[in-house]
Structures are given as C-alpha cells and as structure tokens.
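Only one structure is covered here, and it is reproduced in the block below.
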Amino acid sequence: MRAAADPVLVGSPTDGELSDRLLAPVWRAGGPGWKILFLVTFAGTLMLGFLVSYTVVEGIGLWGNNIPAAWAFAIINFVWWIGIGHAGTFISAILFLFEQKWRTSINRFSEAMTLFAVMQAGLFPLLHLGRPWFFYWLFPYPDTMEVWPQVKSALPWDAAAVSTYFTVSLLFWYLGLLPDLAGVRDRAPGKVRRVIYGIFALGWRGSVRAWRHYRVAYLILAGLATPLVLSVHSVVSSDFAIGVVPGWHSTIFPPYFVAGAIFSGFAMVITLAIPARAALGLHGVITERHLDNLAKMTLVTGLAVSYGYICEYFISWYSGDPFELYQYWVARPTGPGSVVFYLMILGNVIVPQFLWSKRIRRNAKWLFIASILINVGMWSERFVIIVMSLEREYLVSKWHDYAPTWVDLGILTGTLCFFLFLFLLFLRFVPFISASEMKELAHELKEEEKAANA
Amino acid sequence: MRDGFLAELADRHALIAAASHMRALGYRQLDAFSPYPIIELEEAMGIRRSWLPWLILAGGIAGAATAYFFQWFLVAVLYPLNVGGRPAHMPAAFVPITFEMGVLFASFAAFFGALFFSRLPRLWDPVSDVDTFDRASLDGLWLRVGGDDPKFSAARTAQELRDVGALAVRRVGGRA
Amino acid sequence: MNDRNRDTLNRALAGDSGGLSRREALRLLGASAGLAGLGACQQPPSKKILPYVNRPADVTPGMPDYYATSMVLDGFATGLLIESHQGRPTKVEGNPEHPASLGKAGVLEQASVLGVYDPDRATQISHRQVVSSWPAFVREVARHGPSQGLRFVLPPQSSPVLADLVDAIAGHHPGARFVYHSPVSRKEAYRATQAIYGTPLEVQRDFSRAKVVVSFEADFLATMPFSVRAAHDYGKRRHLAAPDGDMGRLYVVETVPSATGSVADNRLRSRSRDIWRIAAQVVSALLAQQAQGLPPALARQITAAAGSVGPWAQAVARDLLRYPGESIVVAGDAQPAATHLLAQVANHILGNVGKSVWLTAPAILDPLGDHDLAGLVSEIHAGAVDRLIILEGNPVYTAPADLEFERALARVRQTAHVSLFDNETSAACKWLVPAKHYLESWGDARAYDGTISFVQPLLRPLYAARSVIEVLGLFSGRAVISDHELVESYWQSRRPIGASFRSWWQTHLQRGVVPDTAAPRATAQATWAQAGAILASAPADGDSLEIRFPVSPAVYDGRFANNVWLQELPGTVTRLSWGNALLVSPATAKAMRVSDTDVVTVERAGRRVRAPILEIPGHADGVVSLYLGYGRRGSERAARGVGTNAYLLRTTDADSFARDVTVTRTGEHHDLALAQLHWDLHDRPIAFSTTAAIYRANPDFTERARGPAPSLLPNYGRSGNQWAMTIDTGICTGCSACVIACQAENNIMVVGRKGVMGGREMQWLRIDRYYKDPSKPDPEVIHQPMLCQHCENAPCEYVCPVNATVHSPDGLNEMVYNRCVGTRFCSNNCPYKVRRFNWFEYADPSIRKLQRNPDVTVRDRGVMEKCTYCVQRIRRAEIAANLGHRDLRPGEVQTACQQTCPTGAIQFGSLSHPDTDMVRWRQQPRQYDCLHEVGTRPRTQYLAKITNPNPEIK
C-alpha cells in the first residue's frame with residue numbers, strides 16, 4: 001500500500017469537507033460546457049428516436065443488411081455496448097471483493113456507465129427484429145397456443161442474461177447510492193430537492209442496524225455480480241459460437257469475448273473519467289494512480305484479447321478446415337473491408353502495448369487518445385467477426401459484400417449521444433463519487449497513518 | 001421505540017465507547033447513527049450477524065430451480081418438437097438461463113431483504129425532528145436510547161449519556 | 001390515351017370540373033363519348049369452356065380446375081394446362097398430351113400467366129389518344145370499301161382459322177398484303193431447305209435417340225422453337241444411369257454462351273460469321289470419307305470454301321461417321337442460310353435424313369416472307385399504302401433501324417395497332433385496340449411439328465380487348481362475330497367425316513390438341529438446285545469487331561419485357577437481371593481495356609448505343625454481344641428504360657450479327673444487378689463434375705461428399721413418407737423454368753433492381769453457376785439448382801428462439817411465418833444461404849395479386865421464407881389419398897420445379913417409394929451432398945455432372 005507516496009486520496013479532509021465537495025455538484029448549476037454538451041447530445045438523442053421510429057415503420061430494409069450478411073450494425077452495436085458495460089460491474093464488484101481501495105472514487109460512475117451502456121445495447125436486439133412488436137415471443141408468456149421459446153437457441157439465453165445483468169447492476173448501484181441520497185436529502189438547499197431526494201433515499205438514516213444488513217447485501221451482491229459479469233458476455237459470444245459459420249464456430253469465444261468486453265469497458269471508463277475529472281476539478285479524488293491502474297487493467301485485458309486472436313488463427317491453421325483457413329487467412333486480411341480488420345489490430349493489439357510505459361499511463365492526454373483508439377478497435381473487432389464472416393461463408397455463389405446505409409450510421413451515432421446524454425444527467429443529479437465510501441476510506445487511511453507513525 | 005434520547009458524540013471512538021458503556025449499564029434498546037458503516041460499533045452493541053445470506057441463498061436456489069423446471073417442462077414436455085434433430089431435453093442448453101435466473105432471484109432477495117430487515121422504506125422517523133440530527137448522514141455521530149428500554153428513566157439516562165461524553169443530549173418524541 | 005387526357009377525364013369523372021379550358025372541355029366531350037361507347041363493348045361472359053378430362057367440370061371452392069390451352073409464340077403452339085382457382089388462372093403447366101410440351105413448360109410459358117394480370121396493359125380502344133369504342137372502330141373499318149392499299153403486319157402465324165381469314169380478306173380486298181414479321185427471323189433456315197428441296201421445309205429432329213449432336217449456334221434446348229420438347233428428349237437421352245451407361249455426345253459451336261452450350265461435351269467458341277466455315281470444314285471432312293448423293297460441284301465448292309480442315313472439325317467428323325443415321329447436325333436460326341445448308345448436307349451424308357432428322361411442310365404461313373418490312377416501308381414511301389393494321393408485335397421497336405419504321409408509319413393515312421400494351425408502336429399509330437391475352441382468347445395454332453392445338457380462354461377479357469382474328473374478321477367482309485364463333489364455325493366446316501362435331505369438338509378442346517395431326521414427312525427429293533448460290537452468299541471473314549444480337553433468355557425479343565418475373569430472372573449464363581449488358585470474353589475485354597460495369601459506346605454505321613460491360617468466360621473473342629429486348633420506351637412501367645436497346649444497331653442486312661463495330665470507353669460506370677458475384681469453387685465440396693471416362697474408371701469420385709455424416713445427435717424415428725429430392729446437375733441446362741414455376745406456385749414477390757443489387761432477391765430456388773476452372777478461356781459450366789436442402793440436422797432450426805422453423809415428422813424443414821419474429825439467425829446459420837427475408841413489405845398491391853396461389857400464404861414484412869418442397873401440394877395429395885382411404889402413390893406429389901423441368905433434372909418424392917427415379921438416382925455412385933462435411937444431412941441430394949468430351953480433342 002503506497003498510500004502516502006502515491007495517494008488514492010489527496011490530503012485528509014474531514015467528513016464534512018468531503019460531503020460538501022462530493023455532494024455539491026448535485027445542487028450546483030452545470031457550467032456552460034455542460035449546457036452545450038447537454039444540448040448537442042439531446043439533439044442526437046432526438047435523432048435516434050426518429051431513426052428508430054423510421055425503421056420500425058418502414059422495415060429494416062432501411063439498413064444495409066442482406067443475405068448473407070443478415071446481421072450487421074445492430075448486432076455489432078449490441079455486442080459493443082454490452083462489452084463496454086462490463087467494466088463498471090467489474091470495478092465495483094470484483095475490485096470490491098479484492099478490497100482495492102482505489103476503486104472507491106471511480107466505482108459509482110463506472111457503474112452508471114454500465115447501466116447506460118446496457119440501455120444502449122438493450123435497444124438493438126429489439127430493433128433488429130423483423131417484427132419488433134413481437135419481441136415478447138422470446139419470453140415464456142402464457143400462450144393459448146402453447147408455443148414457447150426455443151431455449152436451445154442462444155437468443156433466449158441472451159434475453160435472460162442481458163435483462164438479469166441490467167437488473168442486478170441497477171440494484172447494486174442503487175443500494176450503494178442510498179447513503180449518499182440521504183446525504184443530499186439532509187444537505188441540499190431548497191425544500192423541493194430535499195423532498196425528491198428524500199423519497200429516493202427511502203428514509204435512510206445510517207442506523208447501525210441498517211448498516212449491518214446493508215454491508216451484507218452489498219457484499220453478496222458484489223459476489224453475485226462477479227460470475228454474472230463473466231457469464232453475460234460468454235452468453236453473448238454463444239450467439240456466434242453455437243453457429244456453423246466459419247469464423248463464428250469457435251470454443252475460444254466465451255473467454256475471449258469476456259476479456260474483450262472488460263478491455264473495452266476500461267477503455268470507456270478512461271474516456272469518461274479523464275474529461276470529467278478535468279471539468280469538475282477532482283484531481284484530488286481521481287488521482288493519477290487511478291489512471292495508472294485503469295491503464296494497467298486495460299493492458300492486461302488487451303493482452304488476453306490478443307491471445308484470443310492468436311488462438312483463432314492457430315486453430316484455423318491447425319484444424320486445416322478449408323472454410324476457416326479461407327476466412328482467417330484470406331477473407332479477413334485481404335477481403336472486402338479489410339481496412340476494418342487492420343483497425344482492429346491497431347486498436348486491440350498495437351495500442352495497448354504503449355501502456356507498458358508508465359509515462360503514457362500517467363499522461364491524461366495520451367491515455368485519452370489510446371482509450372479512444374481502443375474503443376474503435378473493439379467496435380471493429382465485432383464488425384470483423386460478424387460481418388466479414390458472413391460475407392465469406394460456405395457457399396461461394398452467395399458471397400456478397402455489405403455496406404451500411406446512412407440509417408445504420410445515424411443509429412450508431414444516436415446511441416453514442418443518448419449514452420453521453422444520460423451520463424451528463426447523471427453527473428448533474430447524482431453524487432457520482434460515493435461520499436460514504438470516501439469517508440470510510442478516509443478514516444481507514446487515517447488509522448493506517450496512525451499505525452504507521454506509532 | 002418511538003421516543004427516547006439522542007446523544008451526539010464527537011467521533012467514532014467516543015461513539016463506540018459510549019455504546020459499549022451504555023450496554024454495560026444494561027441498556028438494550030440502543031441504536032446508533034453514522035454516515036458510514038462502523039463495524040466495531042456492531043460488536044460494541046452486541047448485534048448478531050445478519051442472517052440475510054440465508055434468504056439470498058434460498059432466493060437463488062428457487063430461481064434456478066424454477067428456471068430449469070420451466071425449460072424442461074415447456075420444451076421437453078409441453079411441446080417436444082424436432083428442432084434440428086436435437087433431443088427435446090437438452091440439459092447443456094438449459095444451463096445459461098438456469099444460472100441467470102438463479103442470480104436474478106438471489107439479487108432480488110439481497111436487495112429487498114436488506115430493505116425489509118432495515119425497516120425501510122420509512123420516510124419519517126421521530127429522530128428526524130431533532131434539529132442537527134440531519135448531520136448524521138454527513139458527519140454527525142449519534143447514539144440513541146429507546147424510551148421503551150426497561151432501564152430507561154428520563155433523568156438518569158440523560159445524565160449517563162452526558163457522562164459517557166455526549167456533546168449534546170436531545171429528547172426524541174414522546175411525552176415531555 | 002395519353003396522360004393529359006386521362007387526367008382530364010379522371011378529374012371530370014371525379015366530379016371536379018374546376019378550371020376547364022375550352023380545349024380541355026372539348027377533349028372531355030370526346031372522352032365521355034368514348035366512355036359511353038365503352039359500355040357497349042362490355043362482353044357477354046365467355047362461353048362455357050371445358051376442363052381437362054381428369055378433373056371435375058364443376059368448380060368446387062378451394063379446388064383448382066385445370067384447362068388445356070396453348071401458348072403461341074411466333075406461330076408455334078406449346079400445349080399447356082392452366083391451373084384455375086374459381087376462374088382465376090394462377091399457374092401454367094405443360095400439357096402431357098401435347099407434342100411440344102409433354103407436360104413440361106419453359107420459362108416464357110411459366111411466366112405468361114403473370115402477363116394477363118399486367119397492370120400496364122392497354123385498357124381501352126382509343127383513337128388519336130382519345131378513348132373510343134369497338135363500334136366506332138368497326139364503323140371506321142367498314143367506312144372504306146375494298147382497297148389496294150391495305151396492309152397487315154403480324155407475327156408469324158400457323159393458325160388454320162387465321163389462314164382462312166387471310167384468304168377471305170385477300171378475296172375481299174384484292175391487293176391486301178400480309179407481312180409476317182418477327183425480330184427473330186427463321187427465314188434463313190427456310191431459304192436453305194428451299195435451296196435443297198426446291199420448297200421451304202421444316203427440319204424435324206428426334207434428340208431422344210441421337211448418339212452425336214452437333215449444334216452450330218443452335219440453342220435448341222432453350223430459345224429455339226420446340227425447345228421444351230427437345231430438352232425433354234435430350235434429358236431422357238443424357239441421364240446417365242450407371243458409370244458405363246451411354247450418354248451420347250454434344251458438340252456446340254457458338255458465340256455467346258447459351259443453355260445448350262453450357263451442357264456441351266465439346267464447345268467451340270467462334271464469331272458468328274465464322275461458324276458456317278467451321279460447318280464447312282466438318283462437312284468437307286465428312287466428304288473426304290463419303291460423298292455419294294451430293295453433286296460433285298457442290299462438294300468441291302464446300303471443300304474449297306472450307307479451306308484447310310482443322311483438327312477439331314476432323315475429330316467431330318470422325319465421331320459423326322461412327323454413328324451413321326444416329327446423329328443430328330443442327331444450325332441456329334441466327335445463322336446464315338449457308339450454315340443451315342451445310343448442316344443439312346451433313347445430315348444427308350450421314351444418312352440421318354429419314355431417321356433422326358426428317359422434313360415436313362412448315363407449320364407457319366409464308367415461311368420465306370415474300371412480303372417483309374423493308375418492302376412495306378418502300379411501298380409506304382411510294383404512297384401505295386393507305387391503311388396499315390399492325391396485329392400484335394411491336395415493329396416500331398423491333399424493326400431494323402435503317403427502315404426508320406416510325407417515320408414511315410406517320411406517312412400512312414390510317415394506322416391501327418392491336419396490342420396488349422400501349423407500346424412504342426401504339427404511340428405511333430392512330431388507333432389502339434387492346435389485344436386479348438392468350439388466356440382470354442379463343443384460337444387455334446399448329447405446333448412446330450404441325451400438330452393442331454386449341455387456345456381456349458381461362459377468363460373473360462379483363463379489359464375492352466379483342467383478339468387478332470376478331471379484328472381480321474372485320475376485314476373479311478363477313479359478319480362481325482366473336483373469336484369463339486370464328487374458331488368454332490371454322491372447325492365445324494372442317495368437321496371430320498363420321499364424327500359428330502359436338503363430341504369431336506368437346507373431346508379435343510378438353511385435350512387442347514388434335515392427336516395425329518403432325519405434318520406428314522415431306523417426300524421432296526434433294527435437288528441441291530440453288531445450294532451453290534446459298535453457299536456463295538455466306539458471310540466473308542476478316543478481323544473487324546463483330547456484334548451479335550441474341551434473344552434474351554428471359555424477356556425474349558422484348559415482348560415480355562414488362563413481366564417483372566422475367567425482368568428479375570437472372571440470365572442463364574450471365575446471372576444478370578433487370579437489364580442487359582455488352583457481353584465480352586475476358587480476353588477481348590482486356591484487349592479493349594474495359595472491365596465489368598464500364599459504360600461503353602457501341603457504334604456501327606453511324607448508329608450508337610451505350611451499354612455497360614459484362615465479362616463472360618466462354619464468350620467468343622473478337623465479338624461483343626447485346627441481348628435483344630431491353631431499352632424499351634413504351635408505356636410499360638417495369639420495362640421502360642431498363643437496359644440498352646440493341647435494335648438500334650440492327651439493320652436489314654445484319655439482323656442477328658454485324659461486323660465493323662467500334663467500342664469506346666465513356667469513363668462512366670453502371671452497376672449491374674448480378675444475382676451471383678463469385679463462381680470459383682475454391683475446391684470446396686459444393687458441386688462436382690467429371691468426364692465419363694474418369695467416372696467409369698473411378699465411380700466413387702464423390703466419396704468424400706456422400707454417406708452418413710457422423711453425428712452426436714440421436715436419430716429421430718423416420719416412418720411414413722419421408723420427402724426428398726434428387727437433382728441431376730448433368731442434365732440441368734440452367735434454363736430457369738423451375739425458378740419461374742416456383743415463383744408462380746409460391747407467391748414469391750419481386751424486389752426490383754436495387755433489391756437484387758443489395759443481395760435481397762426472393763426467389764426460393766436459384767440456379768448457381770460455377771466455372772470448373774475460371775482461368776480457362778472456355779471453362780466448364782456447372783448449373784446447380786440451389787433450394788432449401790431440408791437437412792435432417794438443420795442448423796437453421798436450433799438457432800431460432802421462437803420455434804418458427806422446425807422439422808416435420810415427414811422430413812420437411814418447416815417455416816412458420818406467423819411465428820417468425822425475424823431475428824435472421826436461421827439465415828446466418830444456413831450453410832446454403834437459401835433463406836429469404838422480407839426486408840420490406842414486398843407484397844404487390846397491383847392487379848398482379850390476382851395471380852396469387854390461394855394455397856400459399858403471402859408473407860408479411862419482417863418474416864423469413866424459403867422453399868417448402870411445395871408443402872401445399874403434398875398436403876393436397878395427402879388429403880385426396882385420405883379421402884380415398886389409400887396411401888400416396890409414388891410420383892403422386894410433384895413440386896412445381898420438378899413438374900416443369902423440361903429435361904427432368906429434378907426428381908422429388910418419398911423415400912418410402914423405392915421404385916422411383918428419385919430414390920434410384922440417389923443410389924448412383926455419382927450422388928453427393930452439397931457441403932456434406934458440415935453434417936447437415938440434406939434431403940436434397942445431387943448427381944455430379946458428367947460430360948463426355950471427345951478424347952481426340954485436346
């Protein structure tokens with residue numbers, strides 16, 4: 001624990017100071033920057049709304065999909081967003097179980113990021129259906145025809161996994177939020193705020209009895225979320241792994257998808273943390289040490305992803321399967337849209353290598369750029385896996401290239417805006433760093449110092 | 001314990017000391033309020049370990065069992081179709097949903113169980129009327145003695161609280 | 001009636017007379033007068049017509065009736081059975097009793113049913129673009145007495161009734177002339193026979209027994225008259241039952257790869273103008289062996305013309321001589337008379353005449369075309385024509401460009417066009433009389449072999465339409481009567497002695513054909529009178545760039561261009577839909593420094609058109625080709641502006657190929673709606689082919705792709721009928737009749753050019769075309785009909801989250817449209833990519849919906865669809881069997897594709913009927929499963945393509 005030399009919390013503020021500093025944003029008006037961003041992302045969200053209705057009214061023929069490439073942008077975006085969702089739970093659950101003190105100041109907004117990302121992701125499985133208004137047929141609802149979902153398909157698994165993941169993340173996040181909501185209730189100026197936050201705080205008073213159950217529940221939820229976070233992307237990966245498509249039909253997919261998911265998740269945390277920290281002057285709470293650790297996690301998971309690639313290529317060669325050989329060794333590096341393939345290599349294999357350097361890990365600017373490239377790389381990975389595999393399937397006569405339409409691109413941009421829009425609201429109306437946990441941490445650190453001095 | 005005394009303490013050590021002292025004096029209807037969890041306090045007040053985990057376990061098992069049963073019953077019993085030549089009852093394929101439902105119901109148990117045992121939601125409580133009590137969620141530390149405690153007596157209890165170093169002692173609700 | 005009038009009228013009828021100018025008001029008066037007339041030309045319900053013998057005459061709701069009729073194309077009838085649902089013709093099948101069909105049907109016949117429901121058909125009689133009426137037209141005709149200047153232009157005809165009318169008109173109007181015009185002229189063939197026998201004769205051929213067939217650019221399996229029958233015989237002949245079986249040998253010399261060329265054992269690419277010389281070489285090689293029966297002078301002339309005989313010709317000649325009397329040499333209609341002559345010379349030398357080849361009197365009137373368009377046009381300019389009646393056809397579009405027919409038309413005082421559509425010619429004529437579709441008409445015609453066939457209507461005309469004979473009747477000076485009366489009275493007058501007419505009439509109407517009326521074998525002796533002259537008229541060679549004008553295998557000469565099924569049908573060899581392109585061989589393309597989608601200007605004798613390039617392996621070098629039938633500019637919406645009009649380059653002296661063409665790049669590009677973009681097999685176990693020799697030596701060459709695939713899954717009990725299909729790719733010519741048949745049977749919607757380019761075509765059955773070795777200049781072609789394989793372990797099924805595609809106990813891969821939510825996971829997981837998705841609401845709201853098969857669901861937007869093995873036919877047969885308390889008989893269920901396939905390459909049935917071709921075929925050693933190693937256990941299995949190339953030809 002190099003707390004003194006390399007603090008996870010700068011200075012030793014009193015509980016009151018901490019409370020004020022961490023809760024204040026909730027009742028302080030957003031700055032001009034926030035307002036502009038808010039308007040921009042709000043416009044983007046409206047566009048998303050329009051394009052979604054347009055698609056539902058006209059049919060998904062508006063997209064670039066075809067036979068063979070019956071899945072494209074929608075599924076790519078789905079997998080990508082779900083992946084981004086993973087870091088939040090990973091940080092707040094797994095790091096919590098490992099008692100990583102540095103997680104405290106970033107876990108809440110990375111959890112929020114998870115929720116918002118999963119919301120984006122959840123949009124696509126619905127929207128990509130030919131008849132979205134029948135989406136509920138994937139669930140076992142009482143049906144006079146006694147027709148039930150076909151649970152040997154990976155899609156009902158998806159439905160279960162994603163909805164569970166969202167619900168559990170929400171409960172976990174909200175439980176952690178209770179003490180701070182109470183804090184805002186008691187501290188915020190103006191009756192209206194106090195009433196509203198009071199309702200959301202459910203009457204939390206920090207009674208020792210409440211704390212007792214709270215701790216247990218929080219700990220066990222963390223324990224439950226940990227296997228969940230690993231399971232969700234494994235299930236998502238089986239959307240492809242159970243198929244016979246060369247480039248999909250692979251047993252390496254679950255671990256390699258999970259690694260990729262956490263990889264992209266951490267990249268997104270960095271992408272969000274760096275500007276937020278700068279804008280709100282939180283260098284004291286989100287210190288360089290946090291960036292450093294995030295970067296390290298990114299590097300590790302990035303290496304896991306690269307390992308996944310190596311396995312894919314090795315197996316395709318080792319199996320000698322002509323269809324896989326063609327897919328991996330010809331179609332991807334030289335086929336249509338091979339640019340995307342090289343983007344993937346750049347973002348997911350080359351860029352992470354720079355994170356070996358401590359200077360880059362601790363340089364907000366470079367780290368930010370790297371995180372963006374990684375996000376692009378991960379999106380490209382999903383494009384390569386989904387679209388490029390389908391473009392060059394078994395039957396030569398049905399090889400056909402894919403090109404997105406403006407609707408595809410519009411919807412992707414729309415979800416990015418919607419995501420940022422929600423995140424801005426979150427920054428503005430929810431204590432985005434857990435005050436109660438910070439206080440606990442502050443005291444623990446004091447104790448440690450005492451112990452060290454004595 | 002609708003009424004009783006609230007005593008504000010200077011810091012967590014004072015609070016813990018006060019709590020154990022009052023308990024030593026034989027008080028049982030004790031409660032404490034702090035902006036962050038203080039584990040030692042629970043020991044000092046002799047609060048037993050929460051048995052929420054058992055509820056969660058039950059929830060998890062129930063969820064998983066129901067999920068598997070449903071899949072088997074719907075797919076293998078109610079409508080056993082030939083789907084791609086696969087057997088109607090295919091345990092391997094049922095695992096993911098079973099697992100997910102287990103986690104989901106366990107989590108429900110955890111969340112709502114915690115609220116229930118903590119007697120929440122409860123928007124109003126007599127202590128809320130005590131001015132400056134609202135600091136309890138920020139930096140205030142309070143100890144509470146319930147009026148329904150057998151050893152409770154309006155005069156002595158307040159004095160005992162001051163003796164253990166309460167900065168201030170307030171009367172909560174009830175008769176004056 | 002032009003749009004302006006139509007608008008005015010419509011607005012007026014809608015009670016909106018707002019702001020009518022004086023001019024408009026007057027036009028409106030005319031129009032409404034016309035409407036009044038329209039009332040008068042409503043027809044009485046069509047006369048009682050008689051269903052096919054095997055079917056009940058009374059209509060049971062839900063039960064289709066079948067009626068026999070005939071489709072006539074340029075004079076030659078093909079007998080058909082039409083499936084009719086409560087008076088609504090929905091599907092075409094071949095008439096098993098008709099010699100030109102034998103129960104099979106080609107692309108054009110299959111698609112013709114959509115033509116009657118074409119939303120762009122001409123709907124009312126109009127004069128100078130104003131609605132008029134039948135009585136008005138009749139009055140107009142009657143107003144002029146007999147005249148010298150009366151001319152008729154109509155397609156070639158073989159109808160006895162029409163012949164009778166022609167005589168009557170000749171009597172009534174001395175000096176009236178009839179011009180039989182078709183853009184695909186067969187005149188050269190008749191000139192050749194006339195040169196040999198002194199009178200034009202039709203060459204009849206029996207492909208069912210020929211050991212060796214040599215085709216000089218004759219696409220006798222697809223686009224030539226009688227091709228359905230030829231394909232039927234060829235299929236029987238070529239199907240190889242065992243490795244040591246005899247399959248004969250087919251040589252094809254051609255310019256543009258055709259269906260026939262794609263199944264040739266030895267194919268030779270050549271410019272059209274050189275083909276006669278190759279024929280001459282073969283013949284002189286034959287003459288070297290035996291020359292009796294041929295005038296020495298002619299023999300000498302041939303040998304001289306042939307020049308030095310190449311090894312190819314030598315080998316072919318040797319092969320021919322091995323089977324005297326058992327071979328066929330045939331020349332294509334596009335070839336000059338010389339080639340036809342030489343082909344017939346060969347047949348004589350080989351003693352085929354009277355055996356595999358014989359001669360009959362031509363079925364059509366005026367085969368030599370004594371009066372042609374050129375003569376007509378000069379007459380017009382000489383002022384000798386005052387009334388010109390154009391009956392069907394579209395000469396303004398199809399006439400040789402140098403005639404400038406449209407300008408000539410304008411100089412005729414009175415012109416009338418009887419036409420299905422308000423097309424280019426109608427626009428240039430003063431009168432437009434909507435023509436009846438053949439499914440609305442009474443009539444008769446002869447088949448290629450002379451057999452009398454009847455045309456009876458399936459429904460009353462949808463519009464104020466008249467048939468050709470009705471219009472001709474007006475000029476015959478007889479009373480104005482309907483086509484039904486014309487036909488019946490004519491045949492009554494020729495009632496066979498002894499038989500009561502009524503019963504004779506009923507029987508033969510029911511059968512659609514009068515048996516044993518094929519033309520007798522001509523006895524004319526070969527005198528070779530003008531053979532020398534014909535030979536001397538053969539085209540010279542030289543190395544200028546040549547252009548060839550083949551008829552489109554889809555829209556023919558353009559008359560079917562508004563049929564959306566045909567527009568969307570990928571070309572047999574080009575795989576191109578919605579338009580044509582300038583076809584070139586890769587080598588020539590390289591020489592011209594152009595490649596696919598480059599737009600080029602094609603110039604010939606001052607005339608130029610622009611067309612995109614499409615490289616076709618196997619196309620002859622030094623020649624470009626452009627399908628006829630595209631670039632229409634009539635009022636037909638689907639056809640209008642699609643592709644390039646090749647007629648603009650055709651002239652009287654060069655109507656099937658021309659020399660001295662220049663091709664220049666424009667630098668522009670035009671995307672092509674290609675249904676298949678890749679054709680290299682990449683050594684994948686998709687389609688197999690080999691030579692007969694190798695097959696004999698190693699029958700198990702498909703071993704790796706057959707037999708049970710290992711599987712961990714339990715075997716489902718398979719009892720009762722288990723449906724399956726076997727396809728012999730060896731006799732599939734890629735003619736695509738099955739594709740259209742499937743489209744008609746299963747209500748498959750069209751998606752248009754953009755849809756095809758976007759990879760969203762909907763045809764459940766497609767014909768994949770692979771090149772065995774694409775790098776070769778003339779690679780071997782494999783046609784592989786690809787449809788749902790109905791896998792026993794179907795990958796599409798287990799990935800569907802809602803049980804929308806499941807397996808039936810009788811082995812069908814079922815698609816439950818109502819349950820489908822459209823995840824498209826099934827399509828991704830289908831290795832054969834035979835699933836189709838409704839990306840938009842494709843259902844056609846126009847009158848075309850009257851064609852739909854009521855037994856098949858019209859699919860909603862957002863659901864997946866695919867081949868069902870025609871499950872509606874299976875269930876119908878099962879119900880019938882249950883009612884009869886019996887089991888299904890072998891062959892009782894036929895899928896639409898199987899039923900129409902002219903060569904019989906598709907066999908369908910139940911595995912529980914071992915004594916059917918379907919089951920016997922799949923026990924052959926050359927059987928294979930497509931993508932066998934994926935382990936899907938497909939129920940649709942294939943037989944490898946076996947070719948029998950001449951070993952002497954390297």
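Every chain is numbered from 1, with letters handed out A, B, ... down the list of sequences. What you see is a predicted model; the values in this text were computed from it and never measured.
- Ion pair B/Arg12/A/Glu440 not flagged as a salt bridge, since none of the NZ, NE, NH1 or NH2 atoms sits closer than 4.0 Å to an Asp/Glu carboxylate oxygen.
- Separating the CZ atom in A/Arg205 from the CG atom in B/Leu120 is a distance of 7.5 Å, to the nearest 0.5 Å.
- Options A/Gly203, A/Ser234, A/Gly206 differ in how many heavy-atom pairs under 4.5 Å they form with chain B, and the most are formed by A/Gly206.
- In this structure, the portions of B/Phe117 lying under 4.5 Å from any heavy atom of chain A include both its backbone and its side chain.
- Rounded to the nearest 0.5 Å, atoms OG (B/Ser118) and CH2 (A/Trp204) are 6.0 Å apart.
- Only the side chain of A/Val235 has a heavy atom closer than 4.5 Å to any heavy atom of chain B.
- Using a 4.5 Å cut-off between heavy atoms, A/Leu221 touches chain B through its side chain atoms alone.
- For A/Leu175, the parts sitting under 4.5 Å from any heavy atom of chain B are the backbone and the side chain alike.
- A/Leu178 touches chain B through its side chain: at least one heavy atom from C-beta onward sits under 4.5 Å away, while N, CA, C and O do not.
- In terms of modelled atom types and a separation under 3.5 Å, the side chain of A/Lys439 and the main chain of B/Leu138 share a donor-acceptor contact.
- For a heavy-atom cut-off of 4.5 Å, chain A lies close to B/Ala88, B/Met90, B/Ala93, B/Phe94, B/Pro96, B/Ile97, B/Phe99, B/Glu100, B/Met101, B/Val103, B/Leu104 in residues 88-105 of chain B.
- Within the 4.5 angstrom heavy-atom criterion, only side-chain atoms of A/Leu23, from C-beta onward, approach chain B.
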message = Set out, in order, the CA-CA distance, both residues' side-chain angles and the distance that settles side-chain contact (heavy atoms from CB on, under 4.5 Å) for B/Phe108 and A/Thr167, then state yes or no.
response = CA-CA 9 Å; B/Phe108 280 139; A/Thr167 322; 3.8 Å; yes
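- Contacts of A/Arg212 with chain B are made by both backbone and side-chain atoms, with heavy-atom separations under 4.5 Å.
- Contacts between A/Ser19 and chain B at a heavy-atom distance below 4.5 Å involve the side chain alone, from C-beta outward.
- Between chain A and the options B/Ala114, B/Ser34, B/Pro35, the largest number of non-hydrogen pairs under 4.5 Å is found for B/Ser34.
- To the nearest 0.5 Å, atom OG of residue A/Ser207 and atom CZ of residue B/Arg122 are 9.5 Å apart.
- Between chain B and the options A/Leu224, A/Ile199, A/Val208, the largest number of non-hydrogen pairs under 4.5 Å is found for A/Val208.
- Contact count against chain A (heavy-atom pairs under 4.5 Å) is highest for B/Ser107 among B/Ala67, B/Ser107, B/Ala110, B/Ala109.
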message = Using the rule given for side-chain contact (heavy atoms from CB on, under 4.5 Å), can you reason through A/Val168 versus B/Phe111, listing the C-alpha separation, both sets of side-chain angles and the distance that settles it, and then say yes or no?
response = CA-CA 9 Å; A/Val168 173; B/Phe111 184 79; over 6 Å; no
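- Residues of residues 47-58 of chain B lying under 4.5 angstrom from chain A, judged on non-hydrogen atoms, are B/Ile47, B/Arg48, B/Arg49, B/Ser50, B/Leu52, B/Pro53, B/Ile56 in numerical order.
- For the atom pair A/Glu437 CD and B/Tyr36 OH, the distance stands at 14.0 Å (nearest 0.5 Å).
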